[in-house]
Amino acid sequence: MIARFACISLTMAALAGCGMHQTVKPVERLGSKTVCIIDNKKAAQPIREIVQGVLVSKGYEVKVLPDGASLGDCPVTATYDGTWRYRKSFHLERADIIVYKKGTQVGSASYKVDDDPSLASQMVNGDKKIAEMAEQLFPGKAGQ
């Protein structure tokens with residue numbers, strides 16, 4: 001019975017191993033209405049602008065800190081990174097958003113597409129995916 005379960009689990013893991021992967025660990029009560037975003041000049045744009053827009057729509061005041069700023073420069077700080085890739089057109093390949101409270105990680109969202117050219121027809125709208133990640137990462141309104 002255990003061997004059969006293990007075999008089924010391995011088969012399911014192998015089938016699920018290709019495609020797109022998204023994980024979100026939402027932030028819990030931040031207690032702050034201000035979120036600082038550290039600018040990342042190396043990341044694909046418009047990640048910062050999309051995250052910033054979602055936060056503003058939820059009632060947060062957003063301050064953009066310069067690239068290289070410290071996580072301790074604000075009580076709540078977010079960092080981001082991401083890349084687009086050309087597969088018949090530009091598609092979001094990878095995106096990461098990490099939220100810190102007083103320098104300690106309190107939430108994260110990650111999206112990655114496997115390196116498989118056959119997935120080009122399955123690519124999602126990158127802007128919508130980043131907005132979805134930010135919505136899930138910050139589930140409540142500012143101050144909650």
Side-chain angles (χ1 to χ4, degrees), residues 5-144:
F5 179 74
C7 184
I8 291 170
S9 296
L10 287 173
T11 301
M12 294 301 287
L15 291 173
C18 61
M20 295 161 246
H21 310 277
Q22 179 174 325
T23 58
V24 178
K25 180 188 174 249
V27 297
E28 294 183 17
R29 185 171 170 80
L30 288 178
S32 174
K33 291 187 177 188
T34 302
V35 175
C36 296
I37 301 176
I38 297 177
D39 198 20
N40 182 349
K41 298 291 185 193
K42 295 177 185 173
Q45 296 300 327
I47 296 173
R48 190 196 79 221
E49 290 85 1
I50 295 169
V51 173
Q52 186 172 351
V54 168
L55 289 169
V56 168
S57 75
K58 290 178 170 277
Y60 287 96
E61 176 188 351
V62 178
K63 295 181 181 178
V64 178
L65 302 179
D67 196 357
S70 169
L71 294 175
D73 288 348
C74 280
V76 178
T77 308
T79 63
Y80 65 94
D81 198 6
T83 56
W84 262 255
R85 184 175 200 171
Y86 188 80
R87 295 181 182 176
K88 297 184 182 180
S89 65
F90 281 99
H91 295 283
L92 182 64
E93 178 180 50
R94 179 188 60 79
D96 297 292
I97 308 165
I98 303 173
V99 181
Y100 301 87
K101 186 174 180 180
K102 297 180 183 175
T104 300
Q105 184 175 327
V106 293
S108 63
S110 179
Y111 173 81
K112 182 176 181 338
V113 176
D114 288 344
D115 192 20
D116 181 349
S118 69
L119 295 173
S121 65
Q122 301 175 23
M123 297 294 116
V124 298
N125 178 297
D127 292 358
K128 288 181 182 177
K129 178 53 69 177
I130 293 165
E132 173 190 309
M133 291 168 61
E135 287 282 349
Q136 292 175 4
L137 184 58
F138 295 92
K141 297 287 185 188
Q144 294 180 344

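Along the sequence shown, residues are numbered consecutively beginning with 1.
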Smallest heavy-atom separation, Tyr80 atom then Ala43 atom, equals CE1-CB, 3.7 Å
What one should report as the nearest heavy-atom pair of Ala109 and Leu137 is N-CD1, 4.1 Å
Would Gln52 and Val64 count as a side-chain contact (heavy atoms from CB on, under 4.5 Å) here? Give the steps.
CA-CA 9 Å; Gln52 186 172 351; Val64 178; 3.7 Å; yes
### Query
Does Lys41 offer a backbone N or O that forms a donor-acceptor pair with the side chain of Asp67 under 3.5 Å?
yes
**Asked** Would you say the side-chain atoms of Lys101 pair up with the backbone N or O of Leu30, donor to acceptor, closer than 3.5 Å?
**Response** yes
Closest non-hydrogen contact found for Ile130 with Ala95 is CG1-CB, 4.5 Å
Heavy-atom closest pair (Tyr60 atom, Thr34 atom, distance to 0.1 Å) is CD2-N, 4.4 Å
- Query: How about Lys63: does its NZ atom have over 12 heavy atoms from other parts shown lying under 6.0 Å from it?
  - Reply: no
Contacts of Lys58 meeting salt bridge (charged side-chain N to carboxylate O under 4.0 Å, His left out) (sequence neighbours excluded), chain-then-number -> Glu135
Value for SG (Cys36) from CD (Glu61), rounded to nearest 0.5 Å, stands at 8.0 Å
For Asp81, the salt bridge (charged side-chain N to carboxylate O under 4.0 Å, His left out) test, sequence neighbours excluded, returns Arg94
d(Thr79 OG1, Asp96 CG) to nearest 0.5 Å is 8.5 Å
Nearest heavy-atom contact between Ala78 and Val35 is CB-CG1, 4.3 Å
Could you go through the side-chain contact (heavy atoms from CB on, under 4.5 Å) check for Val62 and Ile37 one step at a time? CA-CA 7 Å; Val62 178; Ile37 301 176; 3.7 Å; yes
When rounded to the nearest 0.5 Å, the distance separating CG of Leu65 from OG1 of Thr77 is 6.5 Å
Test your reading of the model: is there a side-chain donor-acceptor pair from Ser110 to the backbone of Thr23, 3.5 Å cut-off? no
Sorted by chain and number, sequence neighbours left out, side-chain contact (heavy atoms from CB on, under 4.5 Å) with Lys129 holds for Gln22, Leu92, Tyr111, Val124, Glu132, Met133
Between Asp127 and Pro46 the two heavy atoms that sit nearest each other are OD1-CG, 3.7 Å
